[in-house]
Amino acid sequence: MQRKKIFLYLLGIIVFGVINYYQVYSFDFAFDDSVYITDNDYISNGFGSLKEILTEPSGNGSEYYKGKIGAYRPVTQFSFLIDKEVFGLNPSFMHLENLFLYVLTGIILFILLISIYNNILICWISSLIFITLPIHQEVVCNIKSRDDILCLFFFLFSFYLFIKYLNTKKIAFIVLSIVLYFFSLLSKENGITLVLIYPLYLFLFKKFELIDIIKKSIYFFIPCIVFILLHNYINQDVSIYWNKISNNALFISDSILTRKFNAFYLVGVSIYKLIIPYPLLWDYSLGYWNFNTQTKFIGIAVVFLLFFGVIYSYKKNHKLLFCLLFFLISSSLTNNIFIEIPSTFAERFSYTPSLAIAFMIPIIFNFTSINYIIITSIFVLLTHTIYNVYSIKAWKNHLSFGEFNEEHLKSFKMSTNYANALLMSNKNMDKIPELINYSTRIYQPTYFTYRIMGGYYHFKKDYYNALNNYKSAQKFQPNEKNLSILINLLETALKNEKYHPSKLNLLIKDGKIDDALSIINEGLNNPKLDKKIIHNLYYSKGFIYEKSKQYKDAIYFYKLSLDEGYLEKNVLWERLSICYNKINEHKQSIKYLTLLLEESPTNFNYLRNITISYFQINDKENTLKFKEKALKINGNDKTLLSINP
């Protein structure tokens with residue numbers, strides 16, 4: 001009976017996890033997925049890159065970020081590599097894998113809480129509230145954030161086995177616990193802080209003496225020290241890839257004290273968003289924050305509240321103190337209080353610290369009635385679920401997040417990323433200059449802003465501005481191959497701009513036929529010109545002869561252009577059909593009109609012209625056939641009505 005009951009509780013965790021996040025199956029890659037997955041050579045090369053995954057910084061597989069990201073996460077990278085080898089770069093499967101690991105984390109959390117509190121119902125409710133916390137959306141929906149999921153999953157499993165060891169004294173449990181903790185570290189560096197949780201649990205929950213605490217937890221510091229040494233060795237050549245000012249708005253202030261008080265203000269914000277998760281934006285970099293005297297004083301208030309919270313908990317309830325210290329310890333690498341990082345605030349930074357809520361709920365509910373527990377839990381779970389189902393659609397792809405949060409586009413990176421998403425999708429392109437202008441008002445132009453504007457002007461065929469922006473981007477990233485290729489292509493295009501059909505057509509339109517022919521012949525005699533340009537010149541020369549009613553010469557050059565195979569064939573087929581019709585070679589005209597109608601069977605002009613051609617060669621059956629089709633589209637055409645074979 002007990003096993004059946006536990007099974008139903010586990011099933012409930014699975015159901016809630018799936019209901020909250022089932023939509024991820026239809027989501028694409030987004031944001032940092034490109035750095036660690038889609039544009040990462042280590043993943044693309046498969047098992048051939050296993051050595052690099054184990055011995056190189058995780059960002060080195062990306063051409064742009066090579067030597068710029070001090071992350072070493074081989075377990076996470078290996079999981080991406082396995083996905084690629086087995087299923088290819090399939091975002092649906094990878095999203096489902098994230099969801100599976102997330103739900104599995106909820107299950108191991110439930111089992112862990114039971115081993116600590118021994119109250120199945122309350123531990124189950126606590127686990128459900130944890131896996132439905134909306135602030136976890138970034139971790140679940142962004143495939144790259146599997147590093148956070150794996151880091152916490154391995155830690156929870158390790159912590160559970162540690163408690164099993166304390167209860168059974170079996171050496172196998174402590175050995176496996178240490179191994180799993182090392183896996184947590186190899187998934188993401190945040191696991192470094194969690195080494196303190198083992199002795200903290202012994203002190204506050206088990207009331208062990210200092211010497212026993214040291215004896216039973218010292219072994220976890222060995223993998224931690226090994227990882228730190230390994231991490232520093234592998235990242236010894238990595239430089240800081242972001243100017244801190246562009247990512248960390250705290251650096252607007254030169255005062256260290258002001259920065260620290262505002263960092264505590266952000267700690268308050270992170271606690272607030274755990275409870276009231278609106279809005280969730282993914283990016284909270286430069287431009288979003290308005291740090292001022294008020295935020296500094298709120299930060300001071302947070303300092304005092306945390307201080308008194310620690311004092312009160314130490315005197316009244318050591319388990320509450322454990323929860324409070326867990327939150328502060330697990331967030332210490334990212335909250336800018338002890339060390340300053342190239343980021344102000346992020347929702348993913350709250351993932352592991354939010355575990356403090358799961359530890360705290362059984363303590364709080366222990367003092368309340370069962371009716372209050374049930375009513376409160378239902379309200380919280382429904383609120384979380386409705387908000388998640390509604391808002392995670394923002395994570396569908398690069399573009400959807402910008403569209404979903406357009407009214408909150410306040411930060412430098414958010415506006416830049418939205419502009420880039422519009423460029424990639426070719427949607428609402430005219431928004432791009434406004435977004436980039438906004439981002440450069442917040443912060444100086446960067447590689448990305450120049451690159452995006454280069455792409456925008458390239459799309460608009462404003463090649464001079466495109467080239468200038470690409471060259472400005474190249475100053476930030478002189479060795480990027482793709483950018484160099486774009487610059488070379490544009491320089492070649494502009495150098496040969498006089499050969500472009502649109503330029504030649506203007507000369508022809510203005511009656512400057514001799515000037516156009518002179519440029520065309522010059523190009524045709526230039527052996528260094530690209531074949532595509534030569535092909536365009538053949539077409540332009542054919543067009544000149546057609547306008548001059550020299551149809552046989554026009555046909556000759558149109559066919560040369562057709563053989564090159566660059567221009568859309570239907571353009572040349574149409575010109576050839578017209579020219580053959582002019583010299584009364586109607587069978588040849590029909591040949592090309594037939595090809596045109598295979599691609600566009602309802603085009604009235606093609607149907608009209610083929611009817612006339614069949615009439616000219618006295619093919620009554622086909623004349624009537626195509627006349628009927630043409631008249632269905634335009635029954636008032638006088639030429640067609642006059643044809644009576």
Side-chain angles (χ1 to χ4, degrees), residues 426 459-461 499-517 519-520 524 532-645:
N426 292 339
F459 178 83
K460 293 290 185 178
K461 298 183 180 180
Y499 301 126
H500 197 277
S502 62
K503 297 286 184 181
L504 293 169
N505 287 343
L506 283 175
L507 290 174
I508 296 167
K509 185 178 179 181
D510 293 340
K512 300 176 181 179
I513 304 297
D514 291 339
D515 291 341
L517 277 173
I519 292 171
I520 290 169
L524 292 174
K532 188 170 184 179
I533 298 174
I534 296 292
H535 145 80
N536 285 333
L537 293 175
Y538 284 143
Y539 173 80
S540 295
K541 195 164 186 176
F543 190 69
I544 288 173
Y545 281 124
E546 183 185 344
K547 291 296 179 183
S548 303
K549 298 184 179 180
Q550 299 177 55
Y551 298 115
K552 289 186 177 181
D553 289 328
I555 290 169
Y556 172 77
F557 284 104
Y558 282 149
K559 283 191 171 182
L560 285 177
S561 184
L562 186 65
D563 290 340
E564 292 290 341
Y566 289 105
L567 199 68
E568 290 185 16
K569 288 183 178 181
N570 57 353
V571 174
L572 290 160
W573 290 340
E574 185 171 6
R575 304 312 324 157
L576 284 165
S577 70
I578 291 170
C579 288
Y580 275 118
N581 186 56
K582 293 292 185 181
I583 59 175
N584 294 319
E585 291 190 21
H586 298 293
K587 288 185 178 181
Q588 288 295 322
S589 180
I590 289 168
K591 170 186 171 182
Y592 291 109
L593 286 166
T594 301
L595 291 171
L596 288 166
L597 284 167
E598 285 176 0
E599 292 198 355
S600 303
T602 58
N603 186 295
F604 174 74
N605 287 328
Y606 300 161
L607 290 168
R608 182 179 184 274
N609 290 341
I610 202 170
T611 300
I612 293 169
S613 293
Y614 274 120
F615 179 71
Q616 293 295 332
I617 62 173
N618 201 28
D619 185 335
K620 295 181 180 180
E621 182 180 349
N622 279 311
T623 300
L624 290 171
K625 171 185 171 183
F626 287 102
K627 176 184 176 181
E628 183 180 350
K629 288 183 178 182
L631 287 173
K632 284 181 180 179
I633 299 170
N634 182 1
N636 298 318
D637 187 85
K638 293 180 179 179
T639 301
L640 287 173
L641 291 171
S642 67
I643 294 175
N644 293 303

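In what follows, every heavy atom counts, from backbone to side chain, and hydrogens, waters and symmetry copies are set aside. Residue numbers count from 1 along this sequence. Everything numeric here is computed off the predicted structure, so don't read it as measured data.
- Summarising the geometry of N622 relative to D619, their closest heavy-atom pair is ND2-OD2, 2.9 Å, with the distance given to 0.1 Å.
- Considering only heavy atoms from C-beta on, L524 comes within 4.5 Å of K541 through its side chain.
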Exercise. Apply side chain to side chain contact (heavy atoms under 4.5 Å, CB included) to K627 and N644, showing your working.
Key: CA-CA 10 Å; K627 176 184 176 181; N644 293 303; 3.7 Å; yes

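- When every heavy atom of E546 is checked against every heavy atom of Y551, the shortest pair comes out as O-CE2, 3.7 Å.
- How far OG1 of T611 is from CD of Q616: 11.5 Å, rounded to the nearest 0.5 Å.
- Looking at S600, its side chain never comes within 3.5 Å of a backbone N or O of L597 through a donor-acceptor pair.
- The two atoms that bring I513 and I544 nearest to each other are CG2-CG2, 3.6 Å, heavy atoms only.
- You'll find the side chain of K512 stays beyond 4.5 Å of the side chain of D514, heavy atoms only.
- Side chain of T623 to main chain of F615: a donor-acceptor pair is present (N/O by atom type, distance under 3.5 Å, no hydrogens or angles).
- You'll find the side chain of I617 reaches within 4.5 Å of the side chain of I590, heavy atoms only.
- Expressed to the nearest 0.5 Å, how far OG of S589 lies from NZ of K582 amounts to 10.5 Å.
- In the displayed structure, F604 atom CZ is contacted under 6.0 Å by more than 12 heavy atoms of other residues, nucleotides or ligands.
- Considering every non-hydrogen atom in both Y545 and A554, the closest pair reads CB-N, 3.7 Å.
- Taking OH from Y606 and CD from E598, the interatomic distance works out to 12.5 Å, rounded to the nearest 0.5 Å.
- Atom NZ of K547 sits in a sparse spot, with 12 or fewer heavy atoms from other residues, nucleotides or ligands closer than 6.0 Å.
- Annotation: Y558 is in aromatic contact with Y539 [ring centroid separation under 6.0 Å].
- We find the CD-SG distance between E574 and C579 to be 11.0 Å, quoted to the nearest 0.5 Å.
- Formation of a donor-acceptor pair under 3.5 Å by the N609 side chain with backbone atoms of N605 is found in this model.
- Rounded to the nearest 0.5 Å, atoms CG (L631) and CZ (R608) are 11.0 Å apart.
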Exercise. Could you check N603 against L596 for side chain to side chain contact (heavy atoms under 4.5 Å, CB included), going step by step and ending with a plain yes or no?
Key: CA-CA 9 Å; N603 186 295; L596 288 166; over 6 Å; no

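- Distance check: F557 CZ to Q550 CD gives 10.5 Å after rounding to the nearest 0.5 Å.
- The neighbour count for N636 CG, taken as heavy atoms of other residues, nucleotides or ligands under 6.0 Å away, does not exceed 12.
- Between T639 and I612, some side-chain heavy-atom pair lies under the 4.5 Å cut-off.
- Less than 6.0 angstrom separates the ring centroid of Y614 from the ring centroid of F626.
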